[in-house]
Every structure is written in structure tokens, then in C-alpha cells.
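The next block holds one structure in the form of C-alpha cells; read it before the comments.
Proteins get letters first, then strands, A, B, ... in listed order; numbering begins at 1 in each.
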Amino acid sequence: MRIIIEKGVFGGMVRTRFAPSPTGYLHIGGARTALFNFLFAKKNNGVFILRIEDTDLERSKQEYEGNIMDDLKWLKIEWDEGPDKGGNFGPYRQSERLELYKQELNKLIEKGMTYECYCTEEELEIQRKLQLKEKKPPIYDRRCLNLTEKQKQQFITEGRKPSFRFLIPHQILEYEDLIHGKIKVDTSLISDPIIVKSNGIPTYNFACVVDDYHMKITHVIRGDEHLDNTPRQILIFQALGYQHPLYAHIPMILAPDRTKLSKRHGATSVNELKVMGFVPEAVVNYVALLGWSPKENREVFSIQEIIERFDFDHILDHPAVYDLEKMKWFNHYYISNVLELEKIKKYVEDLYGPINEKIIELEKHRVYLLTEFIEIQEMLDKDEIEYDLGNVDIAAFSDVLRKVINSLQNLDFSSLESLKEGLKGIQKEYNLKTPQLYKPLRFALSNSLEGIELPKLLYLLGKEKVIKRVNRFLNAADKAKV
RNA sequence: GGCCCUGUCGUCUAGUGGACUAGGACACCGGCCCUUCAAGCCGGAGACACGGGUUCGAAUCCCGUCAGGGUCACCA
């Protein structure tokens with residue numbers, strides 16, 4: 001088994017693929033699937049391919065294709081062959097491979113493994129509902145299997161166009177899944193799938209098989225939701241006389257309510273994460289650990305370390321619930337301990353625009369999301385602060401500030417150290433405990449009772465702004481009294 | 001409803017018949033630090049879905065029950 005896994009069925013190089021359909025943004029589940037394919041290819045010095053499955057003409061959009069590629073690049077999941085890169089097995093967009101599917105369909109026709117179906121979508125829908133109502137499995141009854149030429153002509157004159165169905169050979173099919181082990185299916189329980197739609201475009205199950213074969217894919221790594229497609233696809237491979245690739249069905253990522261992840265759960269697309277202030281290294285690290293475990297008592301791994309450790313033996317076979325909080329912790333850890341200042345700065349600037357490097361330097365140890373740096377900068381830059389005086393002891397605050405404002409003027413703002421010393425001096429001079437001085441000061445400077453360390457806040461603001469803000473607060477406090 | 005997959009702290013997981021008084025991480029709670037709030041450090045609470053087997057011995061193997069998820073499209 002080991003040898004098969006590593007060499008693949010074609011005995012050569014490992015070739016994996018990520019095959020998204022451009023009908024929406026890349027979400028966290030897709031990213032994880034892409035990542036696992038990438039990891040496995042890299043681990044085995046193989047090739048990772050990006051294939052665009054755009055056979056759904058109505059829903060596929062060029063712009064989504066671009067978005068998906070951008071998000072993948074942001075995560076640094078780079079493909080070796082793909083629509084933008086080319087390769088020896090292209091084109092890599094299914095809409096550009098129609099001629100190939102036609103040829104393969106003809107083979108199936110010749111072998112008698114397919115038949116024309118003239119049923120309309122409405123008819124099929126009614127049929128399905130009826131079966132479900134009778135609590136029977138909704139399986140196509142093969143009513144078009146033995147149509148005479150005359151009947152076909154009749155349908156055609158009615159204006160119907162045929163689709164092509166694959167004739168499922170009824171048998172007990174057994175196959176080995178790299179993660180779930182042996183899987184046994186009674187194929188008589190499977191409907192004959194439509195492989196070419198009446199508009200001449202192939203459907204997923206057919207195009208996928210044809211491409212996986214012609215692109216020499218050795219390992220299909222995809223989500224568990226495809227488990228039930230696998231027997232259909234294996235049967236099509238067999239009908240075509242092709243060896244099928246090895247399958248690894250990875251567990252799904254579920255939302256906190258334990259259902260399939262969807263837009264309504266929020267923060268599920270890679271782009272959303274980016275905008276929220278996540279760093280790609282953290283997202284990749286977190287996502288890699290969803291359904292895979294290196295079985296060590298640590299969780300922070302560089303992509304190189306993950307590649308070295310990646311192995312199907314370590315992929316779990318049960319679904320994982322997506323937890324944004326934990327991913328935030330990873331983000332915090334990467335910002336605070338792993339990433340270099342320059343890199344963090346670049347990420348913030350990609351997201352926002354120019355940022356004062358000092359903010360990152362001074363605050364990276366406590367930040368969870370990149371956007372916090374931006375908030376600090378905006379708070380610092382603000383000309384006129386409006387104070388929310390509702391939950392604050394105005395009298396006490398202004399009392400203290402009035403007392404110390406002159407000493408504040410004399411503070412040495414040239415370094416953080418001198419500021420710290422000066423602040424201590426003020427505490428001593430007026431006999432103030434830390435919170436007694438810090439709370440009012442912090443509030444006057446930032447309209448908040450929490451945030452960046454106070455001496456740093458003063459340092460970043462500079463003397464002029466500090467005095468200005470304290471005075472502004474004092475004014476606001478006076479007005480509030482009246 | 002049929003079929004398929006799955007069930008260890010709230011969540012991610014370690015565990016492959018004895019080293020399990022079930023380990024780690026996030027979150028939570030408490031303490032320390034004290035330059036507030038945080039961050040950091042230290043500590044605490046918290047799980048083998050249930051019931052039968054097999055075995056000297058089961059979280060680990062088998063069966064059943066229950067629960068969750070997926071899928072049954074001219075979507076992928």
C-alpha cells in the first residue's frame with residue numbers, strides 16, 4: 001500500500017489537483033482542500049495543478065476565477081500547472097476542453113455504455129418528488145434506456161434535445177479510500193447520471209473523470225461530500241478502460257452549529273479573513289490542523305515543517321468544527337512571535353496603506369488582528385476626539401488631569417524610557433496610584449479605557465497632541481457639568 | 001426515506017489492547033507580574049455518546065442503539 005500511495009497508480013510522479021468551480025469566493029473548506037493537495041504534492045516532489053471547472057455556464061464567472069487565484073496566491077498555495085501558467089496537460093479550464101469530452105463521449109456511445117435521455121427537467125423533478133413521497137430512493141427509472149428510433153424522432157420533433165446518461169453497471173463495487181479504508185457500494189442503488197447535458201456541455205462527474213485521466217492525476221484529494229460521487233466516477237473510468245486515480249476523502253469543515261459551512265455563518269471566505277486582518281501564515285497553519293494532526297504536542301508549524309510531516313496516516317476521518325477564536329490565537333501568535341516586522345508592515349500596507357512602523361514595533365506583542373494596528377493609527381491621527389463621557393467619572397478624571405497638566409508639559413518625550421520615568425515622577429509628585437493617573441490620561445488621549453500601553457501612547461502621540469487632547473477633554477468635561 | 005461517512009473536554013486534537021489518575025492547544029476561571037486595560041507567566045475546572053459482548057485487561061476490537069453530518073440535480 002505504501003508503495004502505491006507514494007508512486008501513484010501511474011508509477012511515476014505524484015500529481016494532485018485542486019478543481020474549484022468559479023461560482024463564488026474561495027472559502028475555508030476549499031482552501032483546506034487546495035492546501036492538502038499542495039502539501040501532498042510537495043511532500044512527494046510532485047506536481048500540483050489548478051483546474052477550473054467551469055461547466056456550469058450560468059453560474060461560472062470570470063471574476064470568481066480571478067478571486068480564487070488571488071486568494072490561493074495570498075495563502076502562498078502555488079500551483080505548478082494551471083490556466084494562467086500553462087503546462088503539458090492543458091488547457092486547464094474545462095470550458096476549453098469540450099472537444100476532448102466529445103471524443104470520450106463517443107467512446108462510451110460505441111461501447112454502449114451511454115444512452116440518450118429525452119426527459120425534461122420538469123418531468124424528472126416530478127418523478128423524484130413522487131419517489132421521495134413514497135419514501136423510495138429517488139432513482140432514475142431508465143425510461144429512456146430502450147427508446148426506439150421512432151420514439152426519439154417523436155421527441156425531437158417536439159423540440160426536445162437529448163442529454164446523455166451513463167449506464168451504471170449494477171454490481172457490488174469495492175474500492176479503497178486512502179482515509180476511510182475499504183468502501184463497499186451496491187451500484188444498483190445509484191441513478192444513471194447525466195454525463196452530457198442537453199446543451200452539449202459535460203457534467204461534473206464526466207468532465208472530472210476525463211480530466212483526471214488526461215491530466216494524469218494520481219491522487220484525488222477532496223472533501224467527504226464527494227464520497228458518493230466516487231463510485232460513479234470509478235465506473236466511468238472503467239467503462240473508458242482507464243485506470244482510476246487513488247482517492248482520499250478528507251473530513252468536512254463544519255460551522256459551529258455543526259452544519260455545512262456556508263456564507264450565512266460569516267467569516268468563511270478567505271477574502272473575508274484577509275480583510276478582517278488575518279495573516280496568511282496563520283490561516284494556513286490553522287487550516288492545516290483541521291482534520292490533520294502531526295501528533296506532536298505543538299501546534300505552530302511553518303509551511304516547510306508541515307510539508308515534511310504531511311501524511312495521509314495523520315488525516316482524521318471525522319469532521320471538524322471551525323473555530324474563529326482559535327484561528328485568531330494563531331494570528332496573534334504569528335504577529336507577535338513569528339513574523340518579521342517588515343512582513344507585518346507589508347501585510348498591513350497591502351490591506352490599508354502606509355502605516356507608522358513604530359506602531360507595529362511597539363504593539364505587535366498584543367495584537368490579534370492586523371486591523372488593530374490600523375485602528376491605533378487612526379486613533380493617533382485623529383484631529384478632534386469626541387468623548388463618550390457616559391460611563392466615566394468625569395469629575396475625578398478632570399480633577400487629576402487639571403493637576404498634572406503642567407507636569408505633562410515638562411515631560412521628556414524623546415524616548416519611551418524618559419516618558420516612563422517622567423510618568424513615575426508625576427505619580428510621586430501628586431501621590432497618585434497608577435490607575436489614578438493612567439485611566440484619566442488614557443481616556444483623554446484616546447476616548448477609551450483600554451488599548452495600547454500608556455507610555456507608548458504618549459510616545460506615539462508626541463507632546464503637542466497630548467497637551468491638546470488633555471485640554472480638549474477638560475473642555476468637554478466642563479461642558480458636561482453644565 | 002435509501003445509501004455512505006462519523007462519534008474523546010464547549011472547540012481543535014493526542015491516544016492504534018496494559019505506560020490513562022485519558023495528554024496538549026484555543027476559549028473559560030483564578031493567581032502572579034504591575035506601567036491601567038491587555039500581553040506574558042503559573043495554576044484550575046472540563047471528555048472517552050449509550051448498551052451489550054471479546055479479553056486477565058478496552059477510549060482502543062466486534063455487535064446493537066442513539067446522535068450528527070453528507071448525498072441521492074441537465075450544481076460542482
Please determine whether any donor N or O and acceptor N or O are separated by less than 3.5 Å between the side chain of [X] and the base of [N].
X	N	result
Asn229(A)	A76(B)	yes
Asp224(A)	G70(B)	no
Thr434(A)	C34(B)	no

At 4.0 Å (heavy atoms only), tell me whether [X] reaches a base, stays on the sugar-phosphate, or touches nothing.
X	answer
Ile194(A)	base
Cys119(A)	base
Lys420(A)	base
Lys133(A)	nothing
Glu121(A)	base
Met327(A)	nothing
Thr259(A)	sugar-phosphate
Arg298(A)	nothing

Rounding to an integer number of angstrom, what distance separates [N] and [M] when you compare their [atom1] atoms?
N	M	atom1	value
U11(B)	G17(B)	P	27 Å
A38(B)	A49(B)	P	37 Å
C29(B)	C62(B)	P	41 Å
G46(B)	A27(B)	C1'	12 Å
A45(B)	A22(B)	P	11 Å
C50(B)	G7(B)	C1'	12 Å
A14(B)	U8(B)	P	11 Å
C12(B)	G1(B)	P	26 Å

**Prompt:** Which is it for Glu121(A) and Lys197(A) under the salt bridge (Lys or Arg N to Asp or Glu O under 4.0 Å) test, yes or no, and what are the steps along the way?
**Reply:** CA-CA 11 Å; Glu121(A) 290 186 63; Lys197(A) 305 176 219 176; over 6 Å; no
Counterpart base for [N], defined by Watson-Crick or G-U wobble contacts under 3.5 Å:
N	answer
C56(B)	G18(B)
C28(B)	G44(B)
A39(B)	none
A49(B)	U65(B)
G1(B)	C72(B)
C9(B)	none

**Request:** Would you check, one step at a time, whether the test side-chain contact (heavy atoms from CB on, under 4.5 Å) holds for Asn199(A) with Leu57(A)?
**Result:** CA-CA 10 Å; Asn199(A) 65 2; Leu57(A) 270 21; 4.1 Å; yes
**Prompt:** So which one's nearest nucleotide on RNA chain B is more toward 5', Leu254(A) or Pro251(A)?
**Reply:** Pro251(A)
**Fill in**
When Glu417(A) and His365(A) are each assigned the nearest nucleotide of RNA chain B, the 5'-most assignment goes to Glu417(A)
**Asked** Cation over ring, Arg222(A) on Tyr247(A), under 6.0 Å and within 45°?
**Response** no
**Request:** Is it possible for you to check whether Arg32(A) lies under 6.0 Å from the centre of the six-membered ring of Phe36(A), through NZ or CZ, and within 45° of that ring's axis?
**Result:** yes
Report yes if at least one side-chain N or O of [X] is closer than 4.0 Å to OP1 or OP2 of [N]; otherwise report no.
X	N	result
Thr55(A)	A76(B)	yes
Lys295(A)	U16(B)	no
Arg59(A)	A76(B)	no
Arg366(A)	U36(B)	no
His226(A)	C4(B)	no
Lys135(A)	C72(B)	no
His332(A)	G40(B)	yes
Ser293(A)	A14(B)	yes
Lys433(A)	U35(B)	no

**Message:** Using whole Å, what does the distance between atom P of nucleotide A73(B) and atom CG of Asn199(A) come to?
**Reply:** 18 Å
**Salt bridge present between Asp177(A) and Lys182(A) (N-O < 4.0 angstrom)** = no
**Message:** I'd like to know if Arg165(A) and Glu116(A) make a salt bridge, using a cut-off of under 4.0 Å between side-chain N and carboxylate O.
**Reply:** no
**Asked** Taking the six-membered ring where the residue is Trp, are the ring centres of Phe237(A) and Tyr213(A) under 6.0 Å apart?
**Response** no
**Prompt:** Quick one: which of Leu369(A), Thr371(A), Leu370(A) gives a side chain to side chain contact (heavy atoms under 4.5 Å, CB included) with Phe373(A)?
**Reply:** Leu370(A)
Among [options], which nucleotide sits nearest the side chain of [X]?
X	options	answer
Asp323(A)	C5(B), G10(B), G7(B)	G10(B)
Leu132(A)	U6(B), G1(B), C4(B)	G1(B)
His180(A)	C5(B), G7(B), C3(B)	C5(B)

